[in-house]
Amino acid sequence: MATRRWILLLLSVAMISGLAGCGGSSTNVQNQPAPPASSVSIAFQPAPPATVSQIAIAPITAVVSNDSTNAGVDWVLLCQSTGNCGTLSPLHTASGKAATYTPSLTPSGNIQPVTIEAFATADHTKNVVASINVTGFAGMLKGTYVFETRGLDANGSYQLAGVIVLDGNGNITSGEQTHNDPLLSVSDTIIKGSYTIGQDGRGALTLVTNDPNIGQQGTEYLALVLLSSSHAYLATLDPTNSTLLPSNETSSGSLDLQSSTTVPTGGYAFVVNGVDISNKSMAMGGVLNIDSPNNISGAGSVADQDDAGIVTPGAALSGTLTKPDALGSLKFNLTTGFAAALQFTGYIVDATHIKLIESDNAGSGAGFGTTAGVAIGQGAATGTFTNNKSFAGAYVFDILGQDPNGVPTSLASVGQFSADASGNLNSGYDDEEMIAFGLEISDSFTGSYTLDPSGTGRVDSIITFATNGPGPELIFYLTGNGNPPLLLDADDNSSSSGVGSTGIGVGQPQAAPPFSFNGRYGLMFAQELNSNESENDATGQIVVNGTLDTLTGAIDTDENFVPGPNTPVSGTFVAIPSNGRFTGTLNNSFFPNTNPTVPNTIAVAFYLVNPGYGFFIETDSSTSGELTLGSFATRTPVCSACP
């Protein structure tokens with residue numbers, strides 16, 4: 001046995017020696033390890049575009065490699081303006097399948113950067129990032145523009161007017177403005193700003209001053225809807241994500257391209273309204289005749305005032321005006337039969353239009369009031385309005401002001417009539433609301449008018465309703481040259497149910513029938529809530545289907561100083577009769593939920609001036625507890641493929 005063990009041992013040693021002789025160097029034999037698994041990777045294929053137009057829909061594709069599970073791609077969309085980045089859909093795709101990016105309708109800048117991230121679902125540590133600039137339509141507005149809005153702030157009646165320079169790339173390079181409320185009228189330099197225009201014509205305007213006491217610590221925000229390259233509707237609208245104190249301002253108005261800063265000459269019809277120095281409702285109107293350079297002698301000039309129901313008609317008016325500055329701003333220093341000293345700052349729009357804002361309230365208790373409005377030049381027609389033919393024609397008019405209780409924006413009226421050459425008003429109809437006074441009228445009327453024989457263009461009229469009896473005194477100021485007359489509601493008719501109302505408006509010459517309502521429109525409206533005596537303002541866009549008698553769109557609202565951007569609006573209307581007045585409904589979450597049949601819906605009457613312009617007014621204020629007055633105008637799409 002021992003010999004056998006030694007033989008086996010010698011054989012083992014011999015085998016090991018033989019292996020070593022064949023080149024083996026190790027006595028530890030192991031299997032080679034399997035090759036390492038390939039790691040997951042992801043890449044865009046093809047590369048995403050660096051820029052995307054607001055109207056573009058951009059497919060973005062990512063491919064995942066070395067993913068044995070074929071788990072696909074997870075997507076994330078980011079931007080600085082949270083909630084306004086646009087959309088990316090779907091948020092999960094298979095590898096090599098595109099997700100679709102759609103820009104926001106209302107971007108936060110003319111060039112808005114967004115970030116798109118693609119993650120490998122199987123391994124989120126593997127991702128790729130694309131930065132894309134969304135480009136807008138700020139080029140639709142370029143040049144010098146005059147703006148004005150009127151409404152309400154925490155102190156009462158509020159107005160804003162000024163002039164700004166837009167560079168076509170979304171920047172405001174310079175400007176100046178006047179800000180008014182019952183505490184103070186103050187003028188400021190606009191040092192910079194920005195603006196955007198979205199694919200549906202809606203956008204935003206930001207004005208920056210060095211005055212921390214206005215807007216949001218010196219910065220003012222407004223919503224806009226583009227009607228054309230020379231005109232837009234405006235409404236104040238604080239940003240929803242702002243960390244600053246709210247402005248407590250709500251107002252609506254317009255933006256107009258400035259085409260001239262020529263020194264005004266000749267007659268100018270004007271109307272303004274707001275409050276007097278005691279914060280009581282006031283409206284003024286008249287004709288100021290600039291009959292020598294920078295001077296108003298009083299010849300051919302006249303003024304009317306309604307101050308909290310106390311009317312001063314046909315007062316003398318004289319004064320001086322300063323030379324316009326480089327941006328077309330000037331001062332009117334006036335003396336009238338009801339004011340020894342009255343000052344307006346004017347912002348020239350063109351050779352016949354000037355935005356006016358009162359600027360004599362220095363905050364010391366002196367001054368005359370806080371009002372704003374417009375002046376329209378009579379040009380070569382100055383002093384020639386001596387025949388009733390100057391006023392004869394068909395008109396649609398609007399009035400916004402205060403009812404006898406004096407609450408701002410508590411009086412609204414839209415109506416129509418035909419004036420003949422014999423001093424009669426025929427075929428009249430008026431929808432009128434005095435929300436705080438609790439009066440609502442929808443009634444036909446007739447009336448008479450008297451033209452100032454001296455030729456100033458002042459037309460005094462009284463109307464009588466078919467059912468509601470004596471109506472208001474309406475004073476018109478003719479402008480000639482195809483421009484509409486201005487209108488002062490100086491209700492001096494003691495028999496009228498609305499005596500003491502004050503307001504201003506425009507009498508628009510109405511086109512001949514037939515009328516149509518179809519296509520793209522911008523709209524703007526103001527609204528008064530009787531429940532808390534607050535004002536709401538809005539701008540937006542609608543698309544009208546004249547075949548189905550429906551409309552749809554989106555509006556940006558400022559409801560009791562609370563912003564409500566981008567809310568849907570819809571409506572219906574009946575067939576349009578030959579007089580251009582027709583009824584319908586509007587629906588939006590902005591409206592009160594008082595309609596038992598269709599929530600958030602108000603009844604309205606539409607008045608067409610022509611197929612491209614008109615007014616609408618709420619006709620159920622006794623039920624809704626609110627007043628709504630608005631206008632609409634044809635808008636030019638910002639591009640051929642835009643909504």
Side-chain angles (χ1 to χ4, degrees), residues 55 105-106 137 140-141 197-204 222-235 237 252-257 396 398 400 412 414 416 431 484 506 508 510-511 513-527 537-557 565-576 580-588 590-591 601-618 628-643:
I55 64 168
L105 282 174
T106 55
F137 299 97
M140 293 293 292
L141 293 175
I197 301 171
Q199 58 183 283
D200 67 350
R202 291 182 301 131
L222 300 102
L224 69 81
V225 58
L226 182 83
L227 302 178
S228 70
S229 60
S230 60
H231 188 49
Y233 284 150
L234 298 177
L237 188 72
S252 52
S254 65
L255 179 79
D256 296 282
L257 179 66
V396 174
D398 73 304
L400 187 63
V414 180
Q416 60 185 179
D431 287 285
V506 180
Q508 297 282 354
Q510 188 180 37
F515 294 100
S516 63
F517 188 36
N518 187 67
R520 299 177 177 92
Y521 295 83
L523 61 82
M524 171 183 68
F525 60 84
Q527 187 178 73
D537 292 272
T539 58
Q541 60 84 14
I542 55 174
V543 178
V544 179
N545 187 319
T547 301
L548 299 178
D549 296 340
T550 60
L551 61 89
T552 58
I555 59 176
D556 303 296
T557 65
N566 196 30
T567 61
V569 62
S570 60
T572 62
F573 54 93
V574 302
I576 305 173
R581 179 192 180 272
F582 56 105
T583 58
T585 63
L586 291 175
N587 177 273
N588 180 259
F590 178 82
F591 301 134
T601 298
I602 60 172
V604 296
F606 297 93
Y607 285 78
L608 285 173
V609 175
N610 55 56
Y613 183 57
F615 303 100
F616 62 92
I617 185 169
E618 187 172 356
T628 306
L629 174 65
S631 63
F632 54 90
T634 299
R635 63 182 179 89
T636 301
V638 297
C639 68
S640 59
C642 289

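The figures that follow rest on heavy atoms only: side chains count, while hydrogens, waters and symmetry mates do not.
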(request) Heavy atoms only: give me the nearest N518-T547 pair and the separation to one decimal. (result) OD1-N, 4.5 Å
(request) Could I get the full list of side-chain contact (heavy atoms from CB on, under 4.5 Å) partners for P513, not counting sequence neighbours? (result) F515, S578
(message) Which residue is it: F517, Y607, F615, F616? I am looking for the one with a ring-ring contact (aromatic ring centres under 6.0 Å, His included) to F582.
(response) F517
(request) For N610 and Q510, indicate whether the former's side chain and the latter's backbone hold a donor-acceptor pair under 3.5 Å. (result) no
(request) Answer yes or no: is there a donor N or O on one side and an acceptor on the other, between the side chain of N587 and the main chain of G571, under 3.5 Å? (result) no
(request) With rounding to the nearest 0.5 Å, note down the distance linking OG in S631 to CE in M524. (result) 4.0 Å
(message) Would you say the ring centers of F525 and F590 fall short of 6.0 Å from each other?
(response) yes
(message) With heavy-atom distances below 4.5 Å as the criterion, would you say the side chains of C639 and Q199 are in contact?
(response) no
(request) Check whether any side-chain heavy atom of T628 lies under 4.5 Å from a side-chain heavy atom of I617, and answer yes or no. (result) no
(message) Minimum heavy-atom separation for I555 and T557, please, with both atom names.
(response) CD1-CG2, 3.7 Å
(request) Grab the two heavy atoms, one from N545 and one from L548, that are nearest each other, plus how far apart they are. (result) OD1-N, 2.9 Å
(message) Given T585, which partner from the list T572, I602, L551 fulfils the side-chain contact (heavy atoms from CB on, under 4.5 Å) test?
(response) T572
(request) Please report the closest heavy-atom contact between L226 and V638, naming both atoms and the distance. (result) CD2-CG1, 3.6 Å
(message) Please report the interatomic distance CG(L141) to CG(L224), rounded to the nearest 0.5 Å.
(response) 7.0 Å
(request) Among residues two or more places apart or on two chains, list those pairs meeting side-chain hydrogen bond (donor to acceptor under 3.5 Å, both in side chains) that have a residue in residues 633-643. (result) Q541-R635
(message) Quick check for you: to the nearest 0.5 Å, what is the distance between L105 atom CG and I55 atom CD1?
(response) 12.0 Å
(request) Could you tell me which residues satisfy salt bridge (charged side-chain N to carboxylate O under 4.0 Å, His left out) with D549, sequence neighbours excluded, listed by chain and number? (result) none
(request) Indicate yes or no for a side-chain donor-acceptor contact from D398 to the backbone of V506 under 3.5 Å, with no hydrogens or angles considered. (result) yes
(request) Rounded to the nearest 0.5 Å, what's the gap from CD on Q508 to CG on L608? Could you check? (result) 12.5 Å
(request) Indicate the atoms forming the closest heavy-atom contact of A605 with R581, along with that distance. (result) CB-NH2, 3.7 Å
(message) Just verifying a value: how many Å separate T539 OG1 and L222 CG, rounded to the nearest 0.5 Å?
(response) 9.0 Å
(message) Between D556 and N566, does the side chain to side chain contact (heavy atoms under 4.5 Å, CB included) criterion hold? Intermediate values first, please.
(response) CA-CA 5 Å; D556 303 296; N566 196 30; 4.2 Å; yes
(message) For a quick test of reading the model, state the closest non-hydrogen atom pair linking D537 to S252 and the distance between them.
(response) OD1-OG, 2.8 Å
